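A quick write-up on the structure given underneath.
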2 protein chains.
Amino acid sequence: MTAAEGERPDLAAMLGQLVRGLIAAERPVLAAHGVSMWGYVVLNALERCPASTQAALAKEIGADKTRIIGTLDELQEAGLIAREPDPADRRARLLHITGSGRALRAAVRDRIQANENRLLALLPAGQRQPFLRALGTLSELSEDEITGR
Amino acid sequence: MTAAEGERPDLAAMLGQLVRGLIAAERPVLAAHGVSMWGYVVLNALERCPASTQAALAKEIGADKTRIIGTLDELQEAGLIAREPDPADRRARLLHITGSGRALRAAVRDRIQANENRLLALLPAGQRQPFLRALGTLSELSEDEITGR
DNA sequence: ACCAATGATATGCGAGTGCTTATGATAAGC
DNA sequence: GCTTATCATAAGCACTCGCATATCATTGGT
């Protein structure tokens with residue numbers, strides 16, 4: 001921390017810098033598994049909870065519902081997710097992750113988190129858990145909560 | 001933290017989510033002061049240390065040296081930065097922030113950090129400093145260090 | 001002196017993104 | 001029944017960004 005005179009850099013600046021590096025680290029992993037970044041995000045989301053509409057999924061992961069369709073098409077073609085008509089609403093399709101999707105997601109995640117764990121190991125032991133906890137809290141805030149609007 | 005069975009979400013995912021919100025929070029502040037996001041980044045960088053070449057500045061802030069020129073032009077026109085020929089190297093120009101630039105940067109930063117402080121206040125007191133320290137450490141890693149390449 | 005490298009500059013290309021519009025089908029509300 | 005809203009889909013538009021190329025002037029190395 002090189003802040004001068006008790007100042008601190010903007011959170012956004014620090015986080016942005018770190019995210020950029022982490023994304024760069026993810027790229028080859030994702031490429032090796034033949035899945036896109038958004039594809040991986042979708043798999044993570046569906047692993048947590050199936051989606052009742054594509055629009056809802058897009059909203060949950062912060063993606064544009066019109067742009068995500070291509071990604072969903074690819075994931076479906078690769079057998080990583082399934083889309084089924086919702087019997088309760090014929091406009092909508094239920095989405096869930098497949099067994100293959102689970103396996104691929106797990107493989108990617110293991111590699112990504114191994115690298116992340118390496119970075120976390122650079123921190124003093126007493127900082128790790130508080131950092132992760134704080135990050136967990138802050139990352140769950142909605143955009144409205146963060147912006148105060 | 002809603003991780004299931006001792007798992008944790010990817011750092012990148014958590015950070016990315018948070019950054020997105022923080023950037024959204026910054027937008028209106030920057031707009032109100034008539035400065036672009038990159039412009040603000042440049043001001044912060046020059047506040048820390050004048051630059052000996054535009055290329056060096058671009059590298060430091062992770063910007064593309066060819067794309068940043070427009071931003072520098074605007075900042076110079078607005079009197080926020082100054083570019084002077086380097087007597088030691090006629091290809092290069094020395095860059096530094098002006099008094100106006102300092103004032104504007106400070107005004108923007110105050111508002112941005114006020115919002116950030118509001119968010120930090122959501123954390124338990126014991127988590128704040130460890131979080132900021134850890135973030136400071138991790139954000140200073142180079143991309144090569146983060147990617148392990 | 002010559003060649004390679006570097007600085008500033010301009011711009012092309014492709015990919016990605018946010019937002020918008022439009023379509024046809026379906027559902028919800030009055 | 002009619003109107004409005006929503007779902008999935010496709011695609012336009014403008015903008016940003018990463019990377020590349022090119023130019024001219026200057027500098028560094030041999």
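Sequence lines set the chain letters: A, B, ... in the order given, protein chains first and strands last, and positions in each chain run from 1. Computed from a predicted structure; not experimentally measured.
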Whole-Å distance separating the [atom1] atom of [X] from the [atom2] atom of [N]:
| X | N | atom1 | atom2 | answer |
| --- | --- | --- | --- | --- |
| B/R90 | C/dT9 | CZ | C1' | 18 Å |
| A/E74 | D/dT9 | CD | P | 13 Å |
| A/I68 | C/dG18 | CD1 | C1' | 14 Å |
| B/L57 | C/dG7 | CG | C1' | 13 Å |
| B/L75 | C/dA8 | CG | P | 15 Å |
| B/R93 | C/dT6 | CZ | P | 20 Å |
| B/I23 | D/dT16 | CD1 | C1' | 13 Å |
| A/M37 | C/dG16 | CE | P | 11 Å |

Among the nucleotides D/dC7, C/dA10, D/dT9, which one has an atom lying closest to any side-chain atom of A/I69?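 For A/I69, the side-chain atoms sit closest to D/dT9.
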Looking only at the side chain of A/D64 (C-beta and beyond, no hydrogens), which of the listed nucleotides D/dA8, C/dC19, C/dA10 gets closest? C/dC19
Hey, does B/D89 reach any base, or is it just sugar-phosphate, or nothing, if we go heavy atoms under 4.0 Å? sugar-phosphate
Carboxylate-amine/guanidinium contact A/E47 A/R109, below 4.0 Å: no
Answer whether the closest heavy-atom distance between the side chains of A/L132 and B/L11 falls below 4.5 Å. yes
Starting from the 5' end of DNA chain C, give me the residue, B/K65 or B/R91, whose nearest nucleotide shows up first.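 Going by which nucleotide is closer to the 5' end, it is B/R91.
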Return whichever of B/Q54 or A/A88 has its heavy-atom-nearest nucleotide of DNA chain C closer to the 5' end. B/Q54
Would you say a side-chain N or O of A/W38 is under 4.0 Å from OP1 or OP2 of C/dT17?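 So the side chain of A/W38 is within the cut-off, an N or O lying under 4.0 Å from OP1 or OP2 of C/dT17.
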A/R118 CZ: over 12 foreign heavy atoms closer than 6.0 Å: yes
Answer with yes or no whether B/R67 presents, from its side chain, a donor or acceptor under 3.5 Å of a partner atom in the base of C/dG12. yes
Can you find a donor-acceptor N/O pair under 3.5 angstrom joining the side chain of B/T66 to the base of C/dT11?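 Indeed there is one.
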Taking the side chain from B/N115 and the backbone from A/I146, do they hold a donor-acceptor pair closer than 3.5 Å?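 Indeed, once roles are kept as given, a pair shorter than 3.5 Å links the two residues.
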Quick one: does any side-chain atom of A/T98 pair with a main-chain N or O of A/G79 as donor and acceptor, under 3.5 Å? yes
